[in-house]
Amino acid sequence: MRGERWRRVASQVGRSVAVWAVSTVTMLVLAGILPDFQLQSPDGDSATSIAMTAALGAGAFGLLSALAWPLLVRLLLLVPALVLGLLVFFLNGSLLIVALRLVPSGDSEAAPETAVIVAAVMSAVASATGAALAVRDDDAYRRRLYRLADRRRRTLPPSPSSPGTVFIQLDGVGHDVLLDAVGKDLMPTIARWLGSAGSGGPGGGPGVPARPTHRLTPWRTDWSSQTGASQLGILHGSNHDVPAFRWYEKAGREVMVCNRPANAAELQRRAIDRTGDGGLLAGDGASRGNLFSGGADEQALVLSIATRRRGRDNRSRAGYFAYFSDPANAVRTALSFVAEVGRELGQSSRARARKVRPRVSRGGLYPLVRAFATVVERDVVVAAVMGDMLAGRTAVYADLVAYDEVAHHSGPCGRDAEKVLERLDRALALIENVAEHAPRPYRIVVLSDHGQSPGETFRSRYGLGLGDLVRAGCGLPVPRKAQRTHSGAEARAAVRAALRRPVEEGGEQRRPSRRSEPIVLASGNLGLVSFPDVPHRMTKEEIDARHPALLTTLANHPGVGFLLVRSEQHDGLVLGAYGAEIPLDRLDDDPGPLKVFGPGAADAVRRTHTFPNAADIMVNSAYDPTEGGEVLAFEEQIGSHGGLGGAQGKPFLLSPLAFSVPVGDGEDLVGAEHVHRVLRRWLRESNGPQVPLAAEPEERAA
């Protein structure tokens, strides 16, 4: 045993010496190439003196990086995440300048901008060298991943022998998009798990199907097909009263937004109160990169705890420290960040030059936001998952948002989005590889929270937004540009017909007070119209009395699929074009405008109608199944989700064959709460967190 320990120590020392030697050579090469970087005095030094200076400088830089970098990263956590990548370069260059000043000769120097370049290259080369030398040493590989991902792992007790479970959420990847990517060989890891031809792997080479290890199951979202509702239901077992991504609550006079930290914390609290337990991950669980905690003890990059004061219970940004505490890791991600910004600028420029349609603006801060989602967030979350697995945690749930962010602006089936899928598949392959080095077996479940439906925006199709259309239907002023469009003219004509008089009479027009004006919010192709001066949910009769043309204007617009309103006579009504009014209890016999949206639409609408915070008017855009399943987003997105229509409502669940089937033959997996119950059953099958399953709420059974 002692001999084995010494062998490992000798191996580690040998790798460190090799990395130091390569760093020394790299510094010598850079000194010869870069004019503002020198390792000798102006009078010249001998080759031996220069080599010694490089060796000492490389050693001092490596030592400073190991000692000072973790402290610097803790300070970096105080700055916004988007600034982090730029500061990495500056601080790394500063460490190099300090290292050169510590060299006894005192002759070496570098300009600040040159020091940044030298430090970045040296860190990248050192990281690549260390990884290459450790590739055949499983113990060294395992120790490196521990160091990168979770420095507090040693405080945990020994891992049990029962299997752990890792849930990886590929945000926004629809069932059909996944199958298409597998068919195009963009995701070979997923293909191998499904046993698809061309994936190779155990049991077959290229072109020969491998033995499948996973099954693929589609599931159907609720009406609100977006991460807030889906992930809350999946992690906490209830997404009751979450009608959209953003909505107006009359009781608190507040606009709720799912990705606002304070609102996410409130939604999580409500779900826990409703179900009576902490969540899917309660009991040795870890939540990484999610909106909600799921009851996990270990949390990093979790939005619902981001507003708390820093302390033991708030480790939202701890994942950044665990990842960026390694300087080589920080430089590699920072370089990838810059490359991704350049990639987005190039792709958006080509789209404009080719006049690609549909297209939305991709300027401003979007290139930085995209780079953060596709590089920084991905790298940090994957590293955190690796640390959780190597620490032997029982259940881990992580969200990778890269595809969803890119698909919103580039389209769900474009080449830009396909490139993201390729990189996500490589992340899954890395997680699978780490499982082989974990102290317990792991089962990997991959799922999505929703899909995305393509289509141009409502504004680009008709020249006005949903808010403009609502204002026109209410007889309120609208922008001149909106008035000149065909849709704007139709809206104004509808108002005049309903009121039997012109709605604009010069300066004598009476404008309602701002408090009585409607609040119009959008969640993809789902719109919500609320009247804040009325404390209750208005009925159709009340809306007609106040704004006689509004419902007719909306229901008959070609970009609107259907409306949901409350009714004094029928409780709830679905409204459509040409005067269609279908009571909710008759939708099964006569779906009316819901027919085109497919099975389950009526149930989804009926469920949302029971929510206390459903808007006065719920508006779903038109959907055309014959044109690639296109919808019309009320936001500026050409790949959207949030309502009914097309691929957005058909995510997937990819599960190991070792688990029981999600649903029986002939049954459908419907709703995020149903997915929660399936995942919880699988955790029990793996001897996972033994959290009692609360009785199902009455409305869920309904």
Side-chain angles (χ1 to χ4, degrees), residues 167-184 186-187 190 194 216-234 239 242 244-245 258 291 358 373 399-418 420-421 424-425 445-457 523-526 561 596-601 604 620-625 627-635 637-655 662 668-672 674-675:
F167 303 101
I168 303 296
Q169 177 178 304
L170 302 185
D171 205 300
V173 180
H175 175 271
D176 295 341
V177 166
L178 185 78
L179 285 180
D180 186 59
V182 169
K184 293 180 178 179
L186 300 175
M187 307 186 77
I190 297 290
L194 291 173
L216 182 63
T217 307
W219 66 279
R220 194 163 66 234
T221 66
D222 305 290
W223 188 358
S224 182
S225 55
Q226 46 87 20
T227 304
S230 291
Q231 195 178 86
L232 185 65
I234 292 171
N239 58 8
V242 182
F245 183 75
C258 288
L291 294 180
D399 186 12
L400 299 177
V401 302
Y403 172 86
D404 190 62
E405 184 62 46
V406 173
H408 277 314
H409 296 80
S410 303
C413 300
R415 185 57 181 165
D416 299 359
E418 289 181 347
V420 176
L421 291 175
L424 289 176
D425 188 80
V445 176
V446 184
L447 73 161
S448 59
D449 49 346
H450 55 78
Q452 285 207 20
S453 297
E456 63 180 313
T457 68
S523 295
N525 73 318
L526 176 64
V596 70
F597 292 90
N620 202 99
S621 85
Y623 165 60
D624 188 351
E627 294 293 332
E630 290 189 351
V631 299
L632 299 170
F634 298 124
E635 300 179 274
Q637 300 171 346
I638 59 174
S640 67
H641 57 88
L644 290 175
Q648 63 182 318
K650 189 180 177 183
F652 72 89
L653 177 60
L654 182 69
S655 57
D668 293 328
L669 185 56
V670 180
H674 193 177
V675 174

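Just so it is clear, the values below take in all heavy atoms, side chains as well, and ignore hydrogens, waters and symmetry mates.
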Between [Y] and [X], is there a side-chain heavy-atom distance shorter than 4.5 Å?
X: Leu179; Y: Phe652; answer: no
X: Pro625; Y: Phe597; answer: no
X: Leu654; Y: Leu194; answer: yes
X: Leu653; Y: Pro662; answer: yes
X: Ile234; Y: Leu447; answer: yes

Within this structure, what is the [atom1]-[atom2] distance for the pair [X] and [Y], rounded to the nearest 0.5 Å?
X: Leu178; Y: Leu424; atom1: CG; atom2: CG; value: 10.5 Å
X: Leu526; Y: Leu644; atom1: CG; atom2: CG; value: 8.0 Å
X: Asp425; Y: Leu186; atom1: CG; atom2: CG; value: 9.0 Å
X: His175; Y: Leu216; atom1: NE2; atom2: CG; value: 4.0 Å
X: Gln648; Y: His450; atom1: CD; atom2: NE2; value: 9.5 Å
X: Asp449; Y: His641; atom1: CG; atom2: NE2; value: 7.0 Å

Ring pair (Phe, Tyr, Trp, His ring centres under 6.0 Å) filter on Trp223, not counting sequence neighbours, yields Phe562
Sequence neighbours excluded, the answer for ring pair (Phe, Tyr, Trp, His ring centres under 6.0 Å) partners of Phe634 is Phe458
Ignoring hydrogens, what is the shortest heavy-atom contact between [X] and [Y]? Give both atom names and the distance.
X: Leu291; Y: Gln231; value: N-OE1, 2.7 Å
X: His408; Y: Gly639; value: ND1-O, 2.6 Å
X: Gly643; Y: Ser225; value: O-OG, 2.8 Å
X: Leu632; Y: Thr457; value: CD2-O, 4.4 Å
X: Gly524; Y: Ser640; value: CA-CB, 4.2 Å
X: Gln226; Y: Phe245; value: OE1-CD1, 3.2 Å

By side chain to side chain contact (heavy atoms under 4.5 Å, CB included), Pro651 pairs with (sequence neighbours left out) Trp219, Thr221, Ser448
Consider only side-chain N and O atoms of Thr227 and Asp171, and report whether a donor and an acceptor are under 3.5 Å apart. yes
* **Donor on one side chain, acceptor on other, Ser621 and Asn525, under 3.5 Å** => yes
Test side-chain contact (heavy atoms from CB on, under 4.5 Å), reference Ser410, set Asp416, Val420, Ile638, output is Asp416
